[in-house]
Amino acid sequence: MTLDQKLAILADAAKYDASCASSGATRRDSVGGKGVGSAGGAGICHSYAPDGRCISLLKILLTNRCLYDCHYCINRRSSNVRRAAFTPEEAISLTLDFYKRNYIEGLFLSSGIIRSADHTMEQVVQVAKTLREVHDFRGYIHLKTIPEASPELIEQAARYADRISINLELPSQCSLDRLAPEKNLGRTKQAMGRIRVKLEDAAEQKRTGDKKLRHATGQSTQVIVGADGATDADFLARSDELYRAYRLKRVYYSAFSPIPEPSSVLPLAAPPLVREHRLYQADWLMRYYGFRNSEILTPEEPNLDLSLDPKLAWALRNRQEFPVDLQKAPRERILRIPGIGVKNVDRILLIRRHTSIRLEDLVRLRISLEKVKPFLITADHHPARYLLDSDRLLARFRPKPTQLELF
Amino acid sequence: MMMRCVDPGPGFDTWRSAARRLIGEGVPPTEVLWESDGMGSLFGDEEAGAPETIKLVVSPAFIELARAVSCHADGRRWALLYRILWRIAKLGERSLLEIASDRDVAQARMMAKNVRREIHKMHAFVRFRKAGEDETGRECFVAWFEPDHFCIELAAGFFAKRFANMNWSIFTPKGCAHWMGEELKFSPGVERDPCNDPDAMDAIWRTYYRSIFNPARLKLKAMQAEMPKRYWKNLPEAELIEELTRSSANRMSGMIAEEARVVRPVPRNAYLGRLQDLSAVPEIREPAEASIQEIARMVQACRHCPLWENATCAVAGEGPADARLMIVGEQPGDREDLEGRPFVGPAGQLLDRAMKEAGLDRNGAYITNAVKHFKWVPRGKIRLHQKPSAGEIDACKPWVLAELAKISPDALILLGGTAARSLLGAGVQITKMRGIVDAPHLAKRVILTVHPSYLLRLPDEMRKEAEFRAFVKDLSLVL
Ligand code: SF4
């Protein structure tokens, strides 16, 4: 099999993993070294596929042979997909060749599980280790790890990678039992716990002297949305736990994607992609806007409204919190106004130290007045009470009904 | 009013000298026409060398903003910058830049944002092609890019750092950059790509691009928002976009039409066998019949109360099976929950210290908790420890009792109210019963004292020290 054919198979096999970000690495560059590469600060998306997702890393599997039988996965052992495997050298030279042409920010390496967790992890670590130690590669590396791999191997992975991740895939053990019988929520959490401890120890070591220490700075995970009956509340509660307990940098929500040769226990249709989008928005609210997951969803309403963004939905349910006075309100309350993002909140806080805030200020900050007017007070604007109370407020934000086709 | 025509020169530095002079002479913005039409400037040759009359002090934020704005292709940028400078320096609007909604500031920020975006796109969409190697074996690469703004100088540093060990040139109509390993050199822009040989890797890159695209999620608009069409002609992968878009519907229906496969039987494999053993939920037997290791495994599968659900794992006791001393704490904390071991966090360290002072050997003792799963509530970004309820303590009690029965120590130390509630029952007050308590059914000698985390919470150093002494004294009662 040619390298090109292998790449076609092993990139195809990796495309269902939603992780792509290459940000958050320790700042470094190739000056004074032998190889190529730099990292630090924000990541760069080097291209975009027609699916709207960015391409910033060479995302491949080392092999798509796999012992596991996760039904949502094209690489599961019962799938008849064509199999291939890269040698470590092939994966390494692809990474370097692509990197030097500025196609990518680095490597995202994962693998089907072959022989055993440790055997697989050793191969994956081998690639990263050679890239770093032999080729002095200073670009970004993200390694996918397996919870059952020995802690020593996971630690090595963290030494060569900028980020490591373990996929949770589904939010509860009972979902896993049905769709991914080899996976175990408890073991995954334990592995994440160990990784958190190691990351924190490394950060501490770096802070107190060993500035040169090379170590991953974060972990992340992916969950698949819409492969079974798990609700958005299930996902958000699990994410909330993961962020707090294991200090994950990100949880990626990946709408279940129909795969060739589907397993018989799967739904045939994909969930609407907008569900994935709403989950990201809700996740964002938890991490940057100080929302608790229990504020975003309730036991009675365990799924996000697909037609409203979750911040707006919250505001409409909690009209008594509004209007918020931009001149006086504390940061936390301004953060809750739908239509105003974190950056603009901070700008507003600065501006109001010097001058009083008027609607035209908001226009210049590119805030949509249409959206925010009912929720806030400025020097020249006091929303009419009836606006907040009326049912028409909701109608105002729902997407316009689409015209029916004439038959 | 006399209008002054001023040529800002090629970039930020020349504009800055001109602006300094104008400010020095007190020329207001309304009287300056900034024009770079190549016709020469008001400052003729004799003036160009003249010393600048004043020293202007402006904030680094202004310099940074102005540098970015000066790269913008819009000819009005110089007048805008001068107006802002005038307002800061002459009209005393010192914090002008903080008012993001000011008309001038908003416009300058917008321009700077466009320039920064273009720099970012340049970092993303420059595609190097290999052009051979030099005599020393260093690889040489070239690239062609067509930016909207004059940003090559601001953008090039990134490439010099990333590709420090190769030689490269980036050609653009608005200026070129060259790196041979030592310093960045710039040259005027060129009209056309001077060396347009394709790179052999482009084909493999296209294979990757084709394969990483998921036809089930076509979102062309989202793609174009980030990668506008004007960049496409210089991206080797862009020629695939049309074909991929067209074929995606077919690929999708093909996928769904495929027949579902049956699940294959599990192959015989030692590793899978071991995984199954690991995942198997152990049968929960009468704990009294199990060994101390079996108890530890059984407790992992315990669902007697809801606490297991949001914990990482159950934390069973730790220590030799023939220990003569057993210590019971409250419940695992954040660190214990992560590591799966009791008393490894701050309270554990305090216990270590106290035991040492009391002349006790921690490694010789069996240390456990009354409740085996971490109970927490969200607070800010962390998990805040919460006291277990009476119901939870009782649900967990069989596990401590089983451990106690297996270890059957001579001495037992109960740390804090939860341990007391678990093993001595309701209504025990530490303050009243602290010290040796009479509970022969538990152990020959039973000691009740505070939990070390109580000591950690004391704000007053003097008090802390006194309480620590008392704690050590309690511990030494076992001797
Ligand atoms: S806290 Fe105790 S009773 Fe509750 S689930 Fe855990 S082990 Fe069982």
Side-chain angles (χ1 to χ4, degrees), chain A residues 4 7-8 11-12 15 29-31 34-38 44-52 54-55 59 67 69 77-78 80 97-98 100-103 115-116 148 182 184 186 189-190 193 196-197 241 244-245 257-258 260-264 268 270 273 292 347 350-351 354-355 361 364-365, chain B residues 95 98-101 103 106 123-124 126-128 139 141 161-166 199 201 204-205 207-209 211-214 216-220 222-223 226-227 235 237 241 244-245 255-256 258 260-264 267 269 271-272 275 278-279 310 312-313 338-340 378 381-383:
Chain A
D4 198 65
L7 179 61
D12 187 279
K15 74 179 167 211
D29 56 50
S30 54
V31 176
K34 300 185 282 104
V36 285
S38 61
I44 298 175
C45 302
H46 286 259
S47 192
Y48 290 82
D51 53 21
C54 87
I55 300 175
K59 200 193 293 185
L67 278 174
D69 208 26
R77 64 168 181 265
S78 57
N80 282 337
D97 282 339
F98 279 10
K100 286 177 188 165
R101 284 156 182 81
N102 203 39
Y103 299 157
R115 258 192 268 171
S116 71
E148 289 80 18
E182 279 83 17
N184 178 285
K189 291 210 276 185
Q190 268 171 296
R196 175 189 141 185
V197 170
E241 182 203 350
R244 285 173 209 281
S257 185
E261 307 194 8
S263 148
S264 51
L268 271 181
L273 286 184
R292 297 256 287 277
R347 284 191 189 128
L350 262 181
I351 295 170
H354 306 294
T355 170
D361 290 299
R364 293 215 195 91
L365 295 178
Chain B
S95 34
E98 289 182 11
I99 305 174
S101 59
R103 194 183 299 276
H123 293 162
V126 155
R127 295 283 180 263
F128 282 119
E139 291 174 296
F141 289 85
K161 284 188 169 161
R162 174 159 291 192
F163 304 109
N165 302 304
M166 31 193 248
D199 189 291
M201 284 309 287
I204 301 194
W205 171 239
T207 297
Y208 178 65
Y209 186 79
S211 316
I212 204 72
F213 159 61
N214 186 349
R217 324 175 38 116
L218 197 62
K219 268 188 179 171
L220 270 181
M223 167 202 196
E226 298 294 344
M227 192 164 78
L235 294 171
E237 66 271 25
I241 294 172
L244 290 177
T245 309
M255 238 181 240
I256 290 181
E258 259 182 275
R261 307 273 167 161
V262 286
V263 176
R264 274 193 205 162
N269 173 287
Y271 171 66
L272 281 186
L275 260 191
L278 276 180
S279 303
N310 282 324
T312 304
C313 57
L338 297 178
E339 296 196 26
K381 285 187 187 305
I382 62 160
R383 303 189 287 177

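Chain naming here is simple, since letters A, B, ... match the order of the sequence lines and numbering starts at 1 in each. Predicted model, so just to flag it, every value in this text is computed and none were measured. Note: hydrogens, waters and symmetry copies are ignored here, and every other heavy atom, side chains too, is used.
- Ranked by heavy-atom pairs under 4.5 Å with chain A, the first of B:Leu244, B:Asn269, B:Ile241 is B:Asn269.
- Using a distance-only test at 3.5 Å, with no hydrogens or angles considered, no donor-acceptor pair links the side chain of B:Asn214 to the main chain of A:Asp51.
- When each of B:Trp205, B:Phe128, B:Phe141, B:Phe163 is checked for heavy-atom pairs under 4.5 Å with chain A, B:Trp205 comes out on top.
- Nearest approach of B:Thr245 to A:Pro50, heavy atoms of both residues: OG1-CB, 4.1 Å.
- Atom CD of A:Glu241 is separated from atom CG of B:Asn310 by 4.5 Å, given to the nearest 0.5 angstrom.
- With a 4.5 Å cut-off on non-hydrogen atoms, B:Glu339 touches chain A through its side chain but not through its backbone.
- Contact detail for B:Asn165 and A:Gly35: the closest heavy-atom pair is ND2-O, 2.6 Å.
- Both the backbone and the side chain of B:Ile99 come within contact range of chain A, with heavy atoms under 4.5 Å apart.
- Donor-acceptor pairing under 3.5 Å is recorded for the side chains of B:Arg162 and A:Ser38.
- A:Thr355 touches chain B through its side chain: at least one heavy atom from C-beta onward sits under 4.5 Å away, while N, CA, C and O do not.
- Atom CZ of B:Arg127 is separated from atom CG of A:Asn102 by 6.5 Å, given to the nearest 0.5 angstrom.
- Qualifying side chain to side chain donor-acceptor pair (under 3.5 Å) partners for B:Glu139, counting only residues two or more places apart in sequence or in other chains: A:Lys100, B:Lys130.
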- request: In sequence, state the C-alpha distance, the side-chain angles, and the governing distance for A:Tyr103 and B:Tyr208, and then conclude on side chain to side chain contact (heavy atoms under 4.5 Å, CB included).
  value: CA-CA 11 Å; A:Tyr103 299 157; B:Tyr208 178 65; over 6 Å; no
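- Remark: B:Leu278 CG to A:Asn184 CG distance equals 8.0 Å, nearest 0.5 Å.
- No other option in A:Arg101, A:Glu148, A:Arg115 has as many heavy-atom pairs under 4.5 Å with chain B as A:Arg101.
- Looking at B:Met166, only its side chain comes within 4.5 Å of chain A, counting heavy atoms on both sides.
- We find the OG-NE2 distance between B:Ser101 and A:His354 to be 10.5 Å, quoted to the nearest 0.5 Å.
- Using a 4.5 Å cut-off between heavy atoms, A:Ser47 contacts chain B through both its backbone and its side chain.
- The most heavy-atom pairs under 4.5 Å with chain B, out of A:Val36, A:Ile55, A:Ile44, come from A:Ile44.
- Here the straight-line distance linking atom CG of A:Leu7 with atom OG1 of B:Thr207 works out to 6.0 Å at 0.5 Å rounding.
- With hydrogens and angles ignored, the 3.5 Å screen pairs no side-chain donor or acceptor of B:Thr312 with any backbone N or O of A:Lys189.
- Contact of A:Arg292 with chain B is made through the side chain alone, with heavy-atom distances under 4.5 Å.
- Between chain A and the residues B:Glu237, B:Lys381, B:Glu226, the largest count of heavy-atom pairs under 4.5 Å involves B:Glu226.
- In plain terms, the two heavy atoms of A:Ala11 and B:Ser211 that are nearest each other are CB-CB, 3.8 Å.
- The NE2 atom of B:His123 sits 10.0 Å away from atom NE2 of A:His46, with the distance rounded to the nearest 0.5 Å.
- Of all the heavy atoms in B:Ala100 and A:Arg347, the pair that sits closest is CB-CD, 3.7 Å.
- Within the 4.5 angstrom heavy-atom criterion, atoms from both the backbone and the side chain of A:Leu67 approach chain B.
- The side-chain contact (heavy atoms from CB on, under 4.5 Å) test applied to A:Cys45 returns A:Tyr48, A:Cys54, not counting sequence neighbours.
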